[in-house]
Amino acid sequence: AQKVTQAQTEISVVEKEDVTLDCVYETRDTTYYLFWYKQPPSGELVFLIRRNSFDEQNEISGRYSWNFQKSTSSFNFTITASQVVDSAVYFCALSEAYSNYQLIWGAGTKLIIKP
Amino acid sequence: DTAVSQTPKYLVTQMGNDKSIKCEQNLGHDTMYWYKQDSKKFLKIMFSYNNKELIINETVPNRFSPKSPDKAHLNLHINSLELGDSAVYFCASSQRTGVNYGYTFGSGTRLTVV
């Protein structure tokens with residue numbers, strides 16, 4: 001069973017539009033961690049955010065914001081006023097004690113920002 | 001100062017060869033990992049070592065053998081390479097305590113088997 005689901009395979013928007021990337025997870029642990037990583041065309045994995053299961057506060061960092069909803073097991077990521085440099089594959093991941101804290105990855109969402 | 005370094009960055013080799021990828025971290029982390037990213041960008045854990053001890057060994061062909069000489073190093077040796085081994089391999093490390101501080105990744109090794 002898929003533990004981390006990123007249902008959007010690819011999203012294409014025009015620059016300056018807002019875009020939301022969805023992430024739904026499943027876990028049997030009460031303590032777990034959720035992550036977002038960015039993989040630009042150059043290939044490296046860039047850490048964006050870590051959220052633990054006890055902290056449901058939404059987070060904003062510049063044009064990026066994250067909405068963590070335990071009730072729906074979702075951890076969605078919004079980019080406001082998107083820019084071409086935001087084009088990348090974005091991964092949501094889960095880390096739980098049950099799985100020895102390995103990162104369990106979603107399939108990724110490819111985001112294309114057109115000028 | 002690179003936190004997690006992998007070498008080589010690119011590796012092109014023929015089927016049947018044996019090759020190694022090296023990984024070193026200078027963060028003082030207890031746990032190191034190998035992840036494989038296939039051509040569809042799907043990332044999957046292969047191995048995890050905590051203080052030189054193997055703690056995760058996913059269903060990986062036994063042609064893949066990790067070696068951890070100390071907690072700062074986790075190398076990946078692959079015997080009898082096959083075309084299907086072509087992928088990007090990422091090394092990562094984390095501080096495995098009661099609170100999970102996250103993971104630091106190397107820049108990846110793109111392995112191409114021809």
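Here is the naming used below: chain letters follow the sequence lines, and residue numbers restart at 1 for every chain.
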Can you tell me if [X] has over 12 outside heavy atoms packed within less than 6.0 Å of its [atom1]?
| X | atom1 | answer |
| --- | --- | --- |
| B:Lys71 | NZ | yes |
| B:Leu54 | CG | yes |
| A:Lys70 | NZ | yes |
| A:Lys110 | NZ | no |

Atom CD of A:Gln39 and atom CZ of B:Phe90: how far apart are they, to the nearest 0.5 Å?
5.0 Å
Interatomic distance, OG1@A:Thr9 vs NZ@B:Lys41, rounded to 0.5 Å, equals 14.5 Å
Are A:Trp105 and B:Phe105 an aromatic pair, judged by ring center distance below 6.0 Å?
yes
Would you call A:Leu103 and B:Leu43 a side-chain contact if the rule is heavy atoms closer than 4.5 Å?
no
Any heavy-atom pair between the side chains of A:Gln102 and B:Glu58 that's under 4.5 Å?
yes
So, using side chain to side chain donor-acceptor pair (under 3.5 Å) as the criterion, who are the partners of A:Thr27 when residues are at least two apart?
A:Glu96
Heavy atoms of B:Tyr103 and A:Ser95 approach each other most closely as OH-OG, 2.8 Å
Between A:Tyr37 and chain B, which part of the residue has a heavy atom less than 4.5 Å away: side chain, backbone, both or neither?
side chain
Taking ILVMFWY side chains as joined if any heavy atoms are under 4.5 angstrom apart, and letting links pass through other members, which residues group with B:Val4?
B:Leu27
